[in-house]
Structures are given as structure tokens and as C-alpha cells.
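Structure record follows, encoded as C-alpha cells.
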Amino acid sequence: ADECMSRYDDIAIVYEGRARESVRLRQDAFIARMEAMGREVQRLIRSEEAGDFNSFLSSTLATREGDIECLVALDTVTLEATMDALPAAMVDVSLCGIGAGNRVVNGLDVGTIDMLIFPNEYAMGYLGMYELARQMGILEEAPMPDVEYRMVTRDNMYLPEVERLLFPIN
């Protein structure tokens with residue numbers, strides 16, 4: 001993701017979903033990595049008074065027009081909500097993020113999303129079953145393997161090794 005983020009001067013992270021620990025850890029790690037690279041990242045944080053997400057994002061982007069080149073959403077729900085809200089915002093920003101599912105892949109294919117970090121969902125399913133068996137005492141304690149992620153753009157989404165992740169049923 002470093003090489004992708006280096007394409008943009010003005011980056012903002014959409015801070016939604018922080019109640020979930022996995023999202024919070026991802027967001028904090030992203031901010032820490034960007035800061036380690038000497039990059040400043042704006043944080044778009046919706047307050048209770050801001051109303052619904054679409055209104056919040058539209059008004060925030062309108063007031064910061066030209067100050068944000070790339071929006072980053074680090075979970076599928078926030079990425080999809082950002083995809084939905086961007087047309088009403090009527091600003092020219094790139095959208096990058098972490099996500100999975102048909103809507104996200106379609107957003108990448110039609111150009112709404114510029115870069116996607118896509119997890120190997122099948123591996124995640126196997127890891128879930130592994131963890132369940134471990135907790136039930138069926139398997140011995142062993143280190144949990146990492147989940148494979150790929151950086152996907154419109155340029156590489158139809159390469160065979162990437163297609164297998166994006167379109168596993170085909």
C-alpha cells in the first residue's frame with residue numbers, strides 16, 4: 001500500500017466503524033505507517049450532530065475541496081458507504097480501501113474505487129474453522145497463519161492470480 005499511497009499528496013481517512021476492534025486497529029496502523037513515512041493524514045470523523053453519512057461526507061468534502069486528493073476507507077461497510085456518498089459530493093477525489101464483496105469489486109471495475117486491498121476470503125473461512133477446531137481442543141495449539149491480501153487496481157484485476165480472489169466462483 002505504501003507505493004499506492006505515495007501517488008497522493010493529500011490523504012484523508014474516513015473514520016467510521018471504530019467500535020469494531022479490527023477496524024480500529026487497521027485505521028491506527030494505517031495512520032502510524034503514513035506518519036512513519038512523514039505523511040500527514042486528515043481524519044474525517046463524523047460527530048453525532050453531523051447526521052447521516054452521505055450528508056456528513058458531502059459537506060466535509062465540499063468545505064475541504066482541493067484539500068483532499070484521496071479518501072481511504074479501511075473496511076467494507078465504510079468503503080461501500082463512501083462509494084454511495086461520493087456522487088452527491090460532486091468532488092474529484094480518488095477512493096482507496098480495504099474491502100471484499102460484489103459491490104466493492106464492481107466499484108473497482110467501473111472506476112469508483114481506484115485501489116483495493118482485497119483479502120483472500122476463502123483463506124479467512126479456513127482460518128475460522130481452524131480456530132474453532134483449536135478452541136474445541138480438536139487441534140493442537142499452533143501459530144495462526146496470516147491472511148493473504150492483494151493490492152488490486154483496474155489494471156491488474158483481470159490477471160489470473162487476482163481474478164481467482166475477486167471472482168472465486170467462476
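We're numbering straight along the sequence, starting at 1.
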Q) Got Val41 and Ile31 here, is their nearest side-chain heavy-atom distance under 4.5 Å? A) yes
Q.
Is it the case that the side chains of Gln42 and Arg64 hold a donor-acceptor pair, with the cut-off being a distance below 3.5 Å and no angle test?
A. yes
Q. Between the side chains of Tyr158 and Asp109, is a donor N or O closer than 3.5 angstrom to an acceptor N or O?
A. yes
Q: Please indicate whether Asp67 has more than 12 foreign heavy atoms, meaning atoms of other residues, nucleotides or ligands, lying under 6.0 Å from its CG.
A: yes
Q: Working to the nearest 0.5 Å, report the span between CD of Glu35 and CZ of Phe30.
A: 10.5 Å
Q | Side chain to side chain, Leu95 and Thr82, heavy atoms closer than 4.5 Å | A | yes
Q.
Could you see if Met37 belongs to whatever hydrophobic cluster contains Ile117? Use Ile, Leu, Val, Met, Phe, Trp, Tyr and a side-chain cutoff under 4.5 Å.
A. yes
Q: Spell out, as yes or no, whether a donor-acceptor pair under 3.5 Å connects the side chain of Asn156 to the backbone of Met151.
A: yes
Q. Do Ile11 and Met34 come within less than 4.5 Å of each other through their side chains, counting heavy atoms only?
A. yes
Q.
For Gln27 versus Tyr15, what's the shortest heavy-atom pair and its separation?
A. NE2-CA, 4.0 Å
Q: Could you tell me whether Arg24 and Asp75 have a side-chain N and a carboxylate O separated by less than 4.0 Å?
A: no
(Q) Just checking Glu21: does its CD atom have more than 12 heavy atoms from other residues, nucleotides or ligands closer to it than 6.0 angstrom? (A) no
Q. Which residue, Asp114, Leu71, Ile113, forms the side-chain contact (heavy atoms from CB on, under 4.5 Å) with Ser94?
A. Asp114
Q. Where is the tightest heavy-atom contact between Leu57 and Ala85, given as atom of each residue plus distance?
A. CD2-CB, 3.7 Å
